[in-house]
Trainee: 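Before anything else, here's the structure in question.
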Amino acid sequence: MSKEVQYPSGRESIPAAVDEWVGLTADLQERLVQTILRRHPKKSFGYFISRSDPREPFDFVMFEANIRNKGAWKAEFEAHGPYFVNNDDAGFVAAPEEAWRVQKEIWSRGGIEVGVFHSHQRHPANFSGIDYEMHVKRVGNMFHVIVSMRNPELPQVRAFGVSDRGVRELRSSRVTSNEHEASASTPQMGVDAAKGDGIDAAREYLQLDGNGLPRCKDAARVVSVIDALERLGDAEAIQELLWDGFLRGSEERYRNYIEPLMVQLDGGRFQMGSEPDEGRHFCGENPRHPVDLSPFAMSETPVTNALFGVLDPRRRDTLASERRNPVTNVTWFDATLFARWMGCRLPTEAEWEFACGAESEHEWCSDESALPTHAWFSDNARGELHDVGTREPNAFGLFDLHGNVWEWSVDEYHQDYYSRSTTQNPVFSGAGQPFVGHKVTRGGCMHALAEMCRTRFRLHEPASFWAGDLGFRLARGIPS
Amino acid sequence: METLKLSLPTHLTQTLPSKYQGDEQPLSFNARRWSGIVEEMRERYPELASRVLTDTGEVAGGFALVVNDQVIARSKVQSLELEPNDELFLIATIAGG
């Protein structure tokens, strides 16, 4: 039986830059998020204030009025594209009178304005071109925090250092760490492989029910237990508990459900990432570097609701009209488990970028003017998911890599991974303990601006995050 | 020549030449009209001027002039008659996507 799912190793550690931080305490972040939640879906924006240290805010001030739709501002925002035409709640401008009121309040509190924040209703917490343009013009080198409410149950907070030289994502504390904050919902593994608990945990959590489906419905726990078991390296236990146990039938499921959907890709050498002068406000895309990929296969579309229902009976009740939609509201753990269940894996970030670009010289698989023919995104999706495979494929015969849904990849995210990445089949699995970091997502979605759909655009979310615009597709190495 | 005082928020003081960054706020301008402030700002504080002024000396989009606790409409700034003890402030009006 093929022992699929062999990720290249990538557990090297990458030190974080010591000075790339802003002191957003947990309390300050929580107060900000709760305030934004109370106002949601109303746009939130304002200043962080400090007593003196520009990296140590102690509070924030919220604006109430938003004149984005008044006078010339409306036209200025709509000139940025259909997203701002169709969503008049996207964008913010402080009214001069309130800007003065807020300034006086800051001074009266003995504070100085040191950072800006705003909320995104539909977009992730990324710093887009319009954010950059308006920030640099007005407030120069202040840091900027974005709070994404695309899943109001799991608001995401990101901080960015902004200057006329570009944008860097900042850590939210001065603690030097290779790891982003773990989501509160990320379970602790509770498994100490070194003490041999891995096998006992595997026996407990890798049971199947009478229908041959996982008895444990906690995908994070199941994936963690499988990982711990595999790292134990006990071949007999792995054979019994995985290949003859939990994953038995995976090759048959692959042949029946997945193989017809897979596109074989030759791999080879390609240039990954962006040149420095192409970086603009994008994070994590430098340096552009060569990558060599072994041949692999990728599913021609994202996984659909219908297909995901093979593993998750709850998805089998999907409306007929949505069965061909990409499955969404799946965590990285859900995606990883499904992939293993189907004899596959998630694509690595390098594989994803190679497959998406399809050897195009452009920032998408085509030039930007042709993007609507290949992608469901903010220009044409009307804010809705669409059946997979209903736009034109790229030159590799793959659909929906741009737009429709963001897609999980197997990699842990690090802003500076490209400067340390291996050339051959790179994948960053994080340093130290697994499953406490953020995973890479790619591709944009039905709400995304064209820039977010770029082949090289990198985004990240906690592994336990889920949202109505986030799905995944499958990959598999070609057996030699 | 009467002196006008102009105060800036902290992030704009960082645009001042280093020799002025320690200056006590408000900044002093030997001017009676906005045009005089523009001329002097361009000479003494060129980086600040490039950020907050248009080529024609108006307050740039993204900023607002406040005089004696009143926000002045941008269209009225050029014709503003200022008095010696007027308190002027330049502030940013934050915006984004």
Trainee: Distance from A:E98 atom CD to B:I91 atom CD1, nearest 0.5 Å?
Mentor: 10.5 Å
Trainee: Locate the shortest heavy-atom distance separating A:M134 from B:G96; write the atom from each residue and the value.
Mentor: SD-N, 3.5 Å
Trainee: Look only at the side chain of A:H118 and the backbone of B:G97, and say whether a donor-acceptor pair between them is shorter than 3.5 Å.
Mentor: yes
Trainee: Looking at A:I146, A:I112, A:I130, which one has more heavy-atom pairs under 4.5 Å with chain B than the rest?
Mentor: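 Of A:I146, A:I112, A:I130, A:I112 has the most heavy-atom pairs under 4.5 Å with chain B.
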Trainee: For the atom pair CZ (A:F63) and CD1 (B:I94), what is the distance rounded to the nearest 0.5 Å?
Mentor: 4.5 Å
Trainee: Just by distance, do the side chain of A:R138 and the backbone of B:F63 share a donor-acceptor pair under 3.5 Å?
Mentor: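 No, because the side chain of A:R138 does not come within donor-acceptor range (under 3.5 Å) of the backbone of B:F63.
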Trainee: Which answer fits A:H120, side chain, backbone, both or neither, if we ask what part of it has an atom under 4.5 Å from a heavy atom of chain B?
Mentor: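 A:H120 touches chain B through side-chain heavy atoms alone.
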Trainee: What are the residues of residues 68-82 of chain B, in order of number, with any heavy atom under 4.5 angstrom from a heavy atom of chain A?
Mentor: B:D69, B:V71
Trainee: Quick check for you: to the nearest 0.5 Å, what is the distance between B:T10 atom OG1 and A:I49 atom CD1?
Mentor: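 If I round to the nearest 0.5 Å, the distance is 11.0 Å.
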Trainee: Taking atom CD of A:E384 as the centre, does the number of heavy atoms from other residues, nucleotides or ligands within less than 6.0 Å exceed 12?
Mentor: yes
Trainee: Using every non-hydrogen atom in the two residues, find where B:T93 and A:A99 come nearest and quote the distance to one decimal.
Mentor: CG2-CB, 3.9 Å
Trainee: Counting only heavy atoms not in A:K104, do more than 12 fall under 6.0 Å of its NZ?
Mentor: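 For A:K104, atom NZ is crowded (more than 12 foreign heavy atoms under 6.0 Å).
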Trainee: A:E97 versus chain B, heavy atoms under 4.5 Å apart: side chain, backbone, both or neither?
Mentor: both
Trainee: Around atom CD of B:E87, are there more than 12 heavy atoms of other residues, nucleotides or ligands at under 6.0 Å?
Mentor: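 Open.
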Trainee: Count the heavy atoms belonging to other residues, nucleotides or ligands that lie under 6.0 Å from CZ of A:R165, then report whether that count exceeds 12.
Mentor: no
Trainee: What part of A:Y83 gets within 4.5 angstrom of chain B, counting heavy atoms only: side chain, backbone, both, or neither?
Mentor: neither
Trainee: Select one option (side chain, backbone, both, neither) describing which atoms of A:F127 are under 4.5 Å from chain B's heavy atoms.
Mentor: neither
Trainee: What part of A:V116 gets within 4.5 angstrom of chain B, counting heavy atoms only: side chain, backbone, both, or neither?
Mentor: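 It is the side chain, since no backbone atom gets that close.
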Trainee: In terms of heavy-atom proximity below 4.5 Å to chain A, should B:A95 be classed as side chain, backbone, both, or neither?
Mentor: both
Trainee: For the candidates A:W73, A:Y47, A:Y132, A:F84, which exhibits the highest count of non-hydrogen atom pairs separated by less than 4.5 Å from chain B?
Mentor: A:Y47
Trainee: Heavy-atom pairs under 4.5 Å with chain A: which of B:A60, B:A92, B:P9, B:G61 has the most?
Mentor: B:P9
